[in-house]
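Have a look at the structure below, then the notes.
All values below come from the heavy atoms of this structure, side chains included, with hydrogens, waters and symmetry mates left out. Quantities reported herein were computed from a predicted structural model and do not represent experimental measurements. Letters go in sequence order (proteins before strands), and every chain restarts at 1.
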10 protein chains.
Amino acid sequence: MITDRAQVTEMIISAKVTKGIKWSQAAEAIGKSKEWTTAGLLGQMAFDKPQAETLGKLFGLTDEAVAWLQIVPYKGSLPTAVPTDPLIYRWYEIVNVYGGTIKELIHEEFGDGIMSAIDFSMDIQRQPDPKGDRVNVVLSGKFLPYKSY
Amino acid sequence: MITDRAQVTEMIISAKVTKGIKWSQAAEAIGKSKEWTTAGLLGQMAFDKPQAETLGKLFGLTDEAVAWLQIVPYKGSLPTAVPTDPLIYRWYEIVNVYGGTIKELIHEEFGDGIMSAIDFSMDIQRQPDPKGDRVNVVLSGKFLPYKSY
Amino acid sequence: MITDRAQVTEMIISAKVTKGIKWSQAAEAIGKSKEWTTAGLLGQMAFDKPQAETLGKLFGLTDEAVAWLQIVPYKGSLPTAVPTDPLIYRWYEIVNVYGGTIKELIHEEFGDGIMSAIDFSMDIQRQPDPKGDRVNVVLSGKFLPYKSY
Amino acid sequence: MITDRAQVTEMIISAKVTKGIKWSQAAEAIGKSKEWTTAGLLGQMAFDKPQAETLGKLFGLTDEAVAWLQIVPYKGSLPTAVPTDPLIYRWYEIVNVYGGTIKELIHEEFGDGIMSAIDFSMDIQRQPDPKGDRVNVVLSGKFLPYKSY
Amino acid sequence: MITDRAQVTEMIISAKVTKGIKWSQAAEAIGKSKEWTTAGLLGQMAFDKPQAETLGKLFGLTDEAVAWLQIVPYKGSLPTAVPTDPLIYRWYEIVNVYGGTIKELIHEEFGDGIMSAIDFSMDIQRQPDPKGDRVNVVLSGKFLPYKSY
Amino acid sequence: MITDRAQVTEMIISAKVTKGIKWSQAAEAIGKSKEWTTAGLLGQMAFDKPQAETLGKLFGLTDEAVAWLQIVPYKGSLPTAVPTDPLIYRWYEIVNVYGGTIKELIHEEFGDGIMSAIDFSMDIQRQPDPKGDRVNVVLSGKFLPYKSY
Amino acid sequence: MITDRAQVTEMIISAKVTKGIKWSQAAEAIGKSKEWTTAGLLGQMAFDKPQAETLGKLFGLTDEAVAWLQIVPYKGSLPTAVPTDPLIYRWYEIVNVYGGTIKELIHEEFGDGIMSAIDFSMDIQRQPDPKGDRVNVVLSGKFLPYKSY
Amino acid sequence: MITDRAQVTEMIISAKVTKGIKWSQAAEAIGKSKEWTTAGLLGQMAFDKPQAETLGKLFGLTDEAVAWLQIVPYKGSLPTAVPTDPLIYRWYEIVNVYGGTIKELIHEEFGDGIMSAIDFSMDIQRQPDPKGDRVNVVLSGKFLPYKSY
Amino acid sequence: MITDRAQVTEMIISAKVTKGIKWSQAAEAIGKSKEWTTAGLLGQMAFDKPQAETLGKLFGLTDEAVAWLQIVPYKGSLPTAVPTDPLIYRWYEIVNVYGGTIKELIHEEFGDGIMSAIDFSMDIQRQPDPKGDRVNVVLSGKFLPYKSY
Amino acid sequence: MITDRAQVTEMIISAKVTKGIKWSQAAEAIGKSKEWTTAGLLGQMAFDKPQAETLGKLFGLTDEAVAWLQIVPYKGSLPTAVPTDPLIYRWYEIVNVYGGTIKELIHEEFGDGIMSAIDFSMDIQRQPDPKGDRVNVVLSGKFLPYKSY
């Protein structure tokens, strides 16, 4: 009996390690970006039925697990409020060091409101560089203005 | 007597509101990007002497404050571990929801290591869109591989 | 020298107590709802110039304070992560006890996404009741669907 | 041996995913609102015997689980003090940004006291809107005045 | 300029120490219990106008402070989530050790609901005892049943 | 193998739900108050041998569990520092709102010291009231004076 | 205007540094142990009138400060829940490493109950030792048995 | 498969309850103090081979468990940063209330440095007293001076 | 089914205790330093295929476990934000007491930037000393300057 | 009136910025290492009288401040349990990622005990490197064995 999406994520990760599947393969299989697909496979997004079935075959999941992939999950992928993993911590640090800057510059350009994290996409690319390759990430979020009423 | 960089940041913010200076004006004045300049003015970066003096004139700072702008500050711009401001929280949420995804995809492409938050730049742009303009942010950080020894 | 929106909020609250101004009067003065106006006067929203000047006269604020009312503030009105005030705690308790229910029912009706807290309004009314009057609150937020990409 | 209401909640959620039951169906089955019924099925409310038996049949629960549904549970449905799920977080953010406003306006109208979270009901509805449908939520709580003695 | 009820509480405590006023004297002066009056003087309750004026005279407060006594305060008298003072900690310990017991016995007697902390009174008395006098405290709160709807 | 008193508490609670035993029955069976007995059955007190055996029969416990009932447990019945359950939270709120008051009034009457939570008893009673029945709780703790030395 | 015992503690510490007074001198002046006297001077105990006046003269305190020394303070001398100072941390570590041991051995000898921290004394002595002098501390607390009722 | 010292501690505690072994018996069996032996059996110290084998026989442990007793454990015996158990909390309270005092008096006698918690011993004794027996604890730790370099 | 690197770490630690393998033996087996190898075996680093296979044989791991050793893990080896183990705490204390010093001296020598924890190595050696042997640790990290842009 | 060592630290830092003094100059002035001297000037160590007077002249401190430099301070230089400054955080990360490794290797070499943070020295050096200079830090702490008794 599966009682939690996290159990499905564990099955997927376990299958990935044993079968040597790549996240980008899974993304191709359902015709979506590698960022959104990986987020979904890690338990952060809900898939529709055909996507879930395709992924179920790829990772060798049971029908019950495939059903769970279609349920909107309780989101949040970090085990602690401040992440301990160095790679993820660097992102938290960017928010900590540049948080005020991001806020000021978006308000200077757009006025009061936020950059959506829902109507949002992310694209991660390798940029070759002779001094050491770089990770380039483009974040795109709709600006949502606060409304007065 | 100034005893803390935060006091200089307060002077700058106060002058900005009263004089109506824009962050982008300050950036132009020292010939740097608006992202890095704003981070510095908010107390996260150190300026060199000519930069500090130019900014000192623009914001009407005392000599002591100008000296402080050249000191490497204790960094971190958020008053709480989990930010309460909605705009900044959305970035924390992105790290929370997509943190595992970012980690997996960078490792899939580059192996073990991190995306640097030090050899790092950020560019924030408005992207016009008929369904509502978008905030586009490009983050670029050097990949640093973990070394075995 | 004002260095923080919180100082303006303190001036407003102090003037309110001494002059006996009501929040609803302030709202009428600028022609906005009492909910949005109060949120703004408590340092959570930015006013435009005419609104700020009207409020400045009503509360007897300095020009510097009026300038600060037009700046987008760092939001968040609670001094602790879990509020200690009984009235505000009851709202936190509602989120705690009904949080899962709200999530499930919105997803059942709309699919994956959120109810916006930005494109959002709130209306608080007294509902007379022989067994004791009731507080009725209507919250209205645009549904924002998560997008796959 | 069931030792905790959370185990019953897991059985219910598991059955819901596998059998494709809707929360609103369960509410109809016992003739109560979908909000209260869902809260109960998620382990936040106690059912009476006929309700528990009806729900037990619908979800295929054991007699022991049906007995547990009639026990007043230890309430609280969030795994962390500040919720990580974006949908639930938006509600926490509303309390954070509007908490002071709610407090001030209820006191302005009613004097010292609270809006009850016990003698309380909630109604969640979809409001069609050409600019994007809205989630409308009505909260109704009895006002309880603080007594001097 | 007073900007916070806590400042009024400080004035009262300071006057109390210097003038040697007893809490019970203050309670007699306004004809209320010593428990409710002390809570109010410590910034947890709002007084009506005649009460505030009487107390203002007793403690030698300014008119502005007297006005603040009539405002509903942001409640919560502990500086930390877990109190450090041994006397107050013992009460927290009682909640910690007996919390489950209190919950079980109230539910066994009354069903689902709470004991109100708003429609509530407290009475603290010394009970002489040859083995050492005892502190006897009577708490009385209305039972509020959870309603199904 | 039982390795923890909490496992015995779970057995007791499970048996209570299935067999429909009341806490007050258990108290009668061993001739003690319902408050102390319930605290013990919830893992907060140690029973002597005859008490443990009587309770073991009532709840159908194994010999090993009966042995554990006689061991002084690691006390503390709340899963979080600030309780989430509304009934228990109201008690925490009382400590938070009235904590300073309790401290001041006990010191005014007794001088420096504490009200013991060890040489302590509690009595919970229903008080019928036409406006809604009340929960009346009497707490009695020995006053322990701080000694100078 | 003194509004807090901590202000008196600061005056005492400041006078101690400037005048070079030793804690043991202060203890001798009032004829009490150095442990209890220091605790009192650091704001953890209340002095009686003659003691407060003697200490007031020794440290050059104002009459208002002397009055405050006679008020029971809000106790707790650590700025954080886990102390950062290495000397004090070692004590916290002893509680952390030996906490279970202390609990088990006191229960083995005395049964259920606690070692009082109120009817309590402490004596700190230097014990010369050729391998390096030792700090010897004797803690003596009355055993208080839990009572059944 | 044992993967953690805590599992061995659970086996020992379980055996102790079932077999009725006393901590002091275990100490005698290996010729060490009851304080150090109990700390070791609770997973805070490492035993040498003969000690581990003797204890293994006494508590009926497997060879694997006996091997684990000889491994230096990850220390720390409290489940939370602030202990909830009343007996252990009193010790934390002593550190909290007397922490500053201990620090001041050790520095007054010895200068800058700490009292070691490693080169350390503890002795717990019952002291008969007609007003109620007392728990007497002697802590002895080597003084370690901070060195300048 | 292995679902988490921590399970592999448990297998390794269990095998180490039962088989009496030393960390330095494992390091020799793969021709790497004992520091990096131990970090990897404790779940903080990823091994390449030949290393993983060699270690798999040494510790008697399954193929699945060997596959997991090659996956980049979620890093962070402490169970709490402030470590409780005395040996590890001393390191946290060094960061706490000397953190400001380290920051100031690196900035004085190098300007703004950090000492990398990724392009980093550590060497732990015993230094014999007649007054008691010393632990000598050399940390070497590349200096990464903050870039302005 | 100085009431806290932190005030002296602020004076020193302020003088350092205005007068352009280097930490290494201060160290030379008193003939001690730059690491220990800086720690002392940042409020973590106590100076003797001649050292304090020399430093007082260098930084232009008052006599009162010079007196405070000779008092053992309450140590701990980080404003939060998990540091936010990137340079200091990297050290915390080293403890987090390598903490278990450090513990295991010291125990493998020395047995149970700790590396002292009191009988301790630190040396920070620049190591030129064509691929980017490195920060080399040598930590040396006496090994202190746990004693059985």
Open item on the list: So F:Glu109 and E:Val135, do their side chains get closer than 4.5 Å, heavy atoms only?
Closed with: no
Task: E:Asn136 side chain vs F:Val138 backbone, donor-acceptor pair below 3.5 Å - done: no
Open item on the list: Could you report the tightest heavy-atom contact between E:Asp85 and F:Lys103, atom names first, then the distance?
Closed with: OD1-NZ, 2.8 Å
Open item on the list: Tell me which of these, E:Val82, E:Leu144, E:Asp112, E:Leu78, has more heavy-atom pairs under 4.5 Å with chain F than the rest.
Closed with: E:Leu78
Task: Given F:Ile114, F:Ile106, F:Val95, F:Ile102, the one that forms side chain to side chain contact (heavy atoms under 4.5 Å, CB included) with E:Ile88 - done: F:Val95
TODO: Heavy-atom distances under 4.5 Å only: say whether F:Asp129 touches chain E with side chain, backbone, both or neither.
DONE: neither
Task: E:Lys131 and F:Asp119 ion-paired at < 4.0 Å - done: no
Open item on the list: Between F:Asp133 and E:Lys142, is the side-chain contact (heavy atoms from CB on, under 4.5 Å) condition met? List the steps.
Closed with: CA-CA 6 Å; F:Asp133 287 6; E:Lys142 190 175 172 182; over 6 Å; no
Task: F:Thr101 side chain to E:Gln44 side chain, donor-acceptor N/O pair below 3.5 angstrom - done: no
Open item on the list: Quick check: closest heavy atoms across E:Met45 and F:Val97, and the distance to 0.1 Å?
Closed with: CE-CG1, 4.3 Å
Open item on the list: Minimum heavy-atom separation for F:Gly100 and E:Ser77, please, with both atom names.
Closed with: N-OG, 3.4 Å
Open item on the list: Tell me which of these, E:Thr37, E:Leu42, E:Leu105, has more heavy-atom pairs under 4.5 Å with chain F than the rest.
Closed with: E:Leu105
Open item on the list: Quick check for you: among F:Met122, F:Gln125, F:Lys75, which has the greatest number of heavy-atom pairs under 4.5 Å with chain E?
Closed with: F:Met122
- [ ] Would you confirm whether E:Arg134, through its side chain, and F:Ser140, through its main-chain N or O, come within 3.5 Å as a donor-acceptor pair?
- [x] yes
Open item on the list: Strictly distance-based, threshold 3.5 Å: is any side-chain N or O of E:Glu108 a donor or acceptor partner for the main-chain N or O of F:Ser24?
Closed with: yes
TODO: Check whether NZ of the Lys or CZ of the Arg E:Arg126 lies under 6.0 Å from the centre of the six-membered ring of F:Phe110 and within 45 degrees of that ring's axis.
DONE: yes
Task: Residue part contacting chain E, namely of F:Ile118, when any heavy atom lies under 4.5 Å - done: side chain
TODO: Walk me through it: do F:His107 and E:Leu87 pass the test side-chain contact (heavy atoms from CB on, under 4.5 Å)?
DONE: CA-CA 10 Å; F:His107 292 328; E:Leu87 188 141; 3.6 Å; yes
Task: Parallel, tilted or perpendicular: ring planes of F:Phe120 versus E:Tyr98, cut at 30 and 60 degrees - done: tilted
Open item on the list: Around atom NZ of E:Lys19, are there more than 12 heavy atoms from other residues, nucleotides or ligands closer than 6.0 Å?
Closed with: yes
Task: E:Ala81 to F:Tyr92 - nearest heavy-atom pair and separation - done: O-OH, 2.5 Å
Task: Derivation and outcome, side-chain contact (heavy atoms from CB on, under 4.5 Å), residues F:Glu104 and E:Leu41 - done: CA-CA 11 Å; F:Glu104 290 293 331; E:Leu41 288 164; over 6 Å; no
Task: Interface moiety of F:Ile124 toward chain E, non-hydrogen atoms closer than 4.5 Å - done: side chain
Open item on the list: Counting heavy-atom pairs closer than 4.5 Å to chain E, which one of F:Gly40, F:Ser121, F:Gly132, F:Pro86 comes out on top?
Closed with: F:Pro86
TODO: Specify the closest pair of heavy atoms between E:Gly76 and F:Asn96, including all atoms of both residues, with the distance to one decimal.
DONE: CA-OD1, 3.4 Å
